[in-house]
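Quick notes on the structure that follows.
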Amino acid sequence: MKIFRGLLVDNRNQLILDEIQNRGTVDHAPVYPREVVRRALELSAKSMIIVHNHPSGDPTPSRPDIEMTRQIIEAARALGIDVHDHLVVGRDGVASFRQLGLM
């Protein structure tokens, strides 16, 4: 099952909340950028790290992962919220969008 979660942090990068924001099927978890950013606003988060898993085991970001991340970053930036990273977790390791140069 694909799970999407948000780690919301304050202005000192202290964790406010680690929250499952959506659960999906084996190959898809619907994510709505406005909902991700809305939750950060509700909790007065200054920034966030987004995380999801790939049940296939391969942590390589997919094209939809990359597009969704760009949408979240744009929506968050417009409201003064930083996205530090997007991590994709799989059996074969963890992929960091920041380290891969995708953000």
Side-chain angles (χ1 to χ4, degrees):
M1 172 189 310
K2 204 168 200 180
I3 297 174
F4 182 89
R5 57 189 323 127
L7 306 172
L8 305 172
V9 298
D10 65 17
N11 59 353
R12 295 176 304 186
N13 285 328
Q14 299 294 310
L15 184 66
I16 297 169
L17 183 66
D18 171 2
E19 177 176 67
I20 293 176
Q21 295 188 334
N22 214 336
R23 295 175 195 265
T25 63
V26 175
D27 62 352
H28 179 72
V31 176
Y32 305 100
R34 69 180 176 272
E35 295 301 319
V36 174
V37 175
R38 180 184 60 81
R39 189 66 173 135
L41 286 171
E42 287 175 352
L43 297 170
S44 299
K46 171 66 177 136
S47 53
M48 69 176 87
I49 299 168
I50 50 181
V51 182
H52 81 276
N53 66 316
H54 278 181
S56 68
D58 179 4
T60 304
S62 66
R63 179 65 33 207
D65 292 341
I66 294 166
E67 181 55 34
M68 179 263 306
T69 302
R70 286 187 179 137
Q71 291 174 9
I72 291 172
I73 290 169
E74 288 174 17
R77 183 180 294 137
L79 296 167
I81 298 168
D82 297 320
V83 178
H84 288 317
D85 207 345
H86 183 170
L87 304 174
V88 182
V89 180
R91 272 190 316 275
D92 301 332
V94 176
S96 161
F97 274 55
R98 182 147 322 268
Q99 285 182 344
L100 293 170
L102 296 172
M103 55 184 305

Donor-acceptor pair, side chain of [X] and main chain of [Y], under 3.5 angstrom:
| X | Y | answer |
| --- | --- | --- |
| Asp85 | Met103 | no |
| Asn11 | Lys46 | no |
| Arg91 | Ser56 | yes |

Compare all side-chain heavy atoms of Leu100 with those of Pro61 and state whether any distance is below 4.5 angstrom.
->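 Yes, their side chains come closer than 4.5 Å.
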Can you find a heavy atom in the side chain of Lys2 that is under 4.5 Å from one in the side chain of Arg23?
->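 No, every pair of side-chain atoms sits at 4.5 Å or beyond.
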Would [X] end up clustered with [Y] when hydrophobic side chains under 4.5 Å apart are linked, directly or stepwise?
| X | Y | value |
| --- | --- | --- |
| Ile49 | Leu79 | no |
| Leu15 | Val89 | yes |
| Val31 | Leu41 | yes |
| Ile3 | Met68 | no |
| Ile66 | Leu87 | no |

Mind checking the [atom1]-[atom2] spacing from [X] to [Y]? Nearest 0.5 Å is all I need.
| X | Y | atom1 | atom2 | result |
| --- | --- | --- | --- | --- |
| Leu43 | Ile16 | CG | CD1 | 6.0 Å |
| Arg70 | Phe97 | CZ | CZ | 9.0 Å |
| Gln71 | Glu67 | CD | CD | 4.5 Å |

Tell me the closest heavy-atom pair linking [X] and [Y], and the distance in Å.
| X | Y | result |
| --- | --- | --- |
| Ser62 | His54 | N-CE1, 4.3 Å |
| Pro59 | Gly90 | CB-N, 4.0 Å |
| Val9 | Asn13 | CG2-OD1, 3.7 Å |

Evaluate side-chain contact (heavy atoms from CB on, under 4.5 Å) for Leu7 paired with Val51, printing each intermediate quantity in order.
-> CA-CA 8 Å; Leu7 306 172; Val51 182; 4.2 Å; yes
Does Arg77 CZ have over 12 foreign heavy atoms under 6.0 Å away?
->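 Not more than 12 within 6.0 Å, no.
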Knowing that exactly one of Leu8, Val37, Ile73 qualifies, which makes a side-chain contact (heavy atoms from CB on, under 4.5 Å) with Ile81?
->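 Between Ile81 and the candidates, side-chain contact (heavy atoms from CB on, under 4.5 Å) is satisfied uniquely by Val37.
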Would you call Glu35 and Arg38 a salt bridge, using N to O less than 4.0 angstrom?
->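 Judged by the 4.0 Å cut-off on N to carboxylate O distance, Glu35 and Arg38 do form a salt bridge.
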Go through the steps to decide whether Arg5 and Glu19 satisfy the test salt bridge (Lys or Arg N to Asp or Glu O under 4.0 Å), and finish with yes or no.
-> CA-CA 5 Å; Arg5 57 189 323 127; Glu19 177 176 67; over 6 Å; no
Chi angles and distances behind the side-chain contact (heavy atoms from CB on, under 4.5 Å) call for Ile72, Ile50 = CA-CA 9 Å; Ile72 291 172; Ile50 50 181; 3.9 Å; yes
Is there a donor in the side chain of Asn22 and an acceptor in the side chain of His52, or the other way round, less than 3.5 Å apart?
->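 No, His52 and Asn22 have no side-chain donor paired with an acceptor closer than 3.5 Å.
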Ring center gap for His84 and His86 short of 6.0 angstrom |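 Not close enough - the centres of the two rings lie 6.0 Å or further apart.
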